[in-house]
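Notes follow the structure.
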Amino acid sequence: MLTINLIREQPSFVIERLKIKNLDATETVKHVLELDQRRRELQAESDSIQAELNSLSREIGAMMKQGKKDEADAARQGIGAMKEKQKQLADTLEEVTARMQEELVKLPNLPHQLVAPGTSADDNVVVRSGGVKPELYAGAVAHWDLIKRYDIIDFELGIKITGAGFPVYKGKGARLQRALVNFFLNEGEKAGYREIEPPIVVNEDSGFGTGQLPDKEGQMYHVGIDNLYLIPTAEVPITNIYRDVILDADDLPVRNMGYTPCFRREAGSWGAHVRGLNRLHQFDKVEIVQIAHPDRSYEALEEMVAHVESLLVKLELPYRIVRLCGGDMSFTSAMTYDFEVWSAAQQRWLEVSSTSNFEAFQANRLKCRFREKGARQTTLCHTLNGSALALPRIVAALLENNQTPDGIMIPPVLVPYTGFDVIS
RNA sequence: GGAGAAAUGGCAGAGUGGUCGAUUGCGGCGGUCUUGAAAACCGUUGUCCGGGCGACUGGACCGGGGGUUCGAAUCCCUCUUUCUCCGCCA
């Protein structure tokens, strides 16, 4: 959520920036400003009547103490009408504030100056790439065939137990999952992240805090009986740790990470291109989250990007890093880098991480603030997060890229974690 | 799941209808003293929304929501959470 102050002070800047995200915000901004104006007028009026009521009450109190009951009764005359009027103003104020909030929530975050305009993934900018695309042998196949051949991941079994998109990992497949999670967490710890094991169901307030609710309700599994949501990413619980929190400037940046399963309904987005591990309803992911000082949040973003990149280098996967264009960025992001790995059998780039700076957009919803040493005022923090990393597509690429006629070779860095160096 | 008790500022803990945004202690911050530190002493110390260039000033907030009243931290209703006892249980 953008702050009302920004919109009030620089409405044309807001409109200009949002054009990068292909949005004409003119009407919404205008509407917000009108409601803001109205809101402030109403509050001024409501407050002044309330002030009068308060002072009358104090006077009546004083009279009662002195035993001047008649005077007190006289003072009570006319209070009813004032209360009525005040109530009406307060109700209208509440309504106008709610409407302003509704409008405000419709506006996406402003993209950073470096973000290119564009309408689709074709306009994204490749900022860096690394690794070598492997030459596969003649009989090489896609991962959905490999997992059957070696009996390591079982989609049919998942369908029987739960439904499509909930695979069962078996034997070395399960062990590979555990190895990757441990590898990612250990690397994260070395990079200064504190490990968190959060709840994987969250309440409505948390869903709102990180921006999943109210709009993206349909993308989360909902436990109706308790009104809780299964998390789509660890970002939700880990960032919400800082909801309604005022940090000291010295505490920044805060670096947290967590491994969780992630649940996504992905309603209506299935097709041939999402075969196998490419898209799932449940998957594992290690997420890194930073809460940063606004002056240093882009340093934090670069630091996170470097960390994610180092993971891909160590896994010896060919990758590229793209900076998303305005049209391809999420609603809440000010700048996003996507990491893609080359899937040799599918001959496609697969997105394995999305690392973003949300600036104050999420913090404004969360009310996550900090105080400069000695300062009286609080300032909104900047929040950032990134996958480091999401497992399924990493697994897909590892299986496909490292396949040989004799089995699938495990990258050396993972062998201490898996305890085996080949799946055969 | 059953029965009972409770929820107050960073923490502890007063306050049961009238200047209570809230006594006090601890902690924090500033100062005096000291070569420095501690101790002692003095002062200060919540958040949000308005108005004003500013000094300053109005309003709201005592778990959440609603109600009674001229006036609510205090009374009533409701929800949530915590604690104690019983039951069940990885």
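Side-chain atoms are counted along with the backbone in the values below, which use heavy atoms only and exclude waters and symmetry mates. Convention: sequence-line order gives letters A, B, ...; per-chain numbering from 1.
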Could you tell me which nucleotide pairs with [N] by Watson-Crick or G-U wobble geometry, both distances under 3.5 Å, or answer none if nothing does?
| N | answer |
| --- | --- |
| B:rC70 | B:rG18 |
| B:rA6 | B:rU81 |
| B:rG36 | none |
| B:rG87 | none |
| B:rC62 | none |
| B:rG30 | B:rC42 |

Notebook entry, point to check: Is the NZ or CZ atom of A:Lys172 positioned over A:Phe420's six-membered ring, under 6.0 angstrom from the centre and within 45° of the axis?
Noted result: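 Here A:Lys172 passes the 6.0 Å and 45° test against A:Phe420.
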
Could you tell me how far [M] sits from [N] if I compare only their [atom1] atoms? Round to whole Å.
| N | M | atom1 | answer |
| --- | --- | --- | --- |
| B:rA12 | B:rG67 | C1' | 33 Å |
| B:rG1 | B:rC75 | C1' | 32 Å |
| B:rA22 | B:rC62 | C1' | 8 Å |
| B:rG28 | B:rC11 | P | 15 Å |
| B:rG36 | B:rU32 | P | 11 Å |
| B:rU80 | B:rG65 | C1' | 10 Å |
| B:rA72 | B:rU24 | P | 24 Å |
| B:rA73 | B:rA6 | C1' | 15 Å |

Output the rounded distance in Å from [atom1] ([X]) to [atom2] ([N]).
| X | N | atom1 | atom2 | value |
| --- | --- | --- | --- | --- |
| A:Gln377 | B:rC49 | CD | C1' | 14 Å |
| A:Met100 | B:rG50 | CE | C1' | 12 Å |
| A:Asn364 | B:rC49 | CG | P | 10 Å |
| A:Gln43 | B:rG50 | CD | C1' | 4 Å |
| A:Asp244 | B:rC61 | CG | P | 18 Å |
| A:Gln37 | B:rG51 | CD | P | 9 Å |
| A:Ile246 | B:rC48 | CD1 | C1' | 10 Å |

Does [X] put a side-chain nitrogen or oxygen below 4.0 Å from OP1 or OP2 of [N]?
| X | N | answer |
| --- | --- | --- |
| A:Gln50 | B:rA60 | yes |
| A:Arg8 | B:rG50 | yes |
| A:Arg76 | B:rG71 | no |
| A:Arg39 | B:rC49 | no |

Checklist line | Minimum-distance nucleotide to A:Arg40 side chain [options: B:rU47, B:rG58, B:rG50] | finding: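 Output: B:rG50.
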
Check: Among B:rG18, B:rG58, B:rG71, which nucleotide sits nearest the side chain of A:Lys83?
Finding: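 Selected nucleotide: B:rG71.
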
Item checked: Residues, nucleotides or ligands: over 12 heavy atoms within 6.0 Å of A:Glu302 CD ->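 Counting other residues, nucleotides and ligands, CD of A:Glu302 exceeds 12 neighbours.
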
Notebook entry, point to check: With ring centroids as reference points, do A:His382 and A:Tyr298 lie under 6.0 angstrom apart?
Noted result: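 Not close enough - the centres of the two rings lie 6.0 Å or further apart.
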
Notebook entry, point to check: Do A:Thr332 and A:Asn109 have a side chain donor and acceptor closer than 3.5 Å?
Noted result: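 Side chains of A:Thr332 and A:Asn109: no pair found under 3.5 Å.
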
Margin query: Looking only at side-chain N and O atoms, does A:Ser46 offer a donor or acceptor that is under 3.5 Å from a partner on A:Gln86?
Written below: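 Checked: A:Gln86/A:Ser46 side chains pair up, N/O donor to acceptor below 3.5 Å.
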
Next item on the list: Hey, could you give me each pair passing ring pair (Phe, Tyr, Trp, His ring centres under 6.0 Å) that has a residue in residues 152-178 of chain A? Not counting sequence neighbours.
Entry: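 Residue pairs passing ring pair (Phe, Tyr, Trp, His ring centres under 6.0 Å), neighbours aside: A:Phe166-A:His281.
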
Next item on the list: Using a 4.0 Å heavy-atom cut-off across all strands, classify A:Asn54 as base, sugar-phosphate, or nothing.
Entry: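 Touches sugar-phosphate only.
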
Next item on the list: Name the nucleic acid region contacted by A:Thr378, choosing base, sugar-phosphate or nothing; use a 4.0 angstrom heavy-atom cut-off, strictly under.
Entry: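 Sugar-phosphate, backbone atoms only, no base.
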
Notebook entry, point to check: Salt-bridged, A:Lys87 to A:Glu84, with N to O below 4.0 Å?
Noted result: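 No, no charged N to carboxylate O under 4.0 Å.
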
Next item on the list: By nearest nucleotide on RNA chain B, pick out whichever of A:Ser46 and A:Asn5 is the more 5' one.
Entry: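 So the residue in question is A:Asn5.
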
Check: Start at the 5' end of RNA chain B and walk down; is the nucleotide closest to A:Ala44 or to A:Ile60 reached first?
Finding: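 Whichever sits nearer the 5' end wins; that is A:Ala44.
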
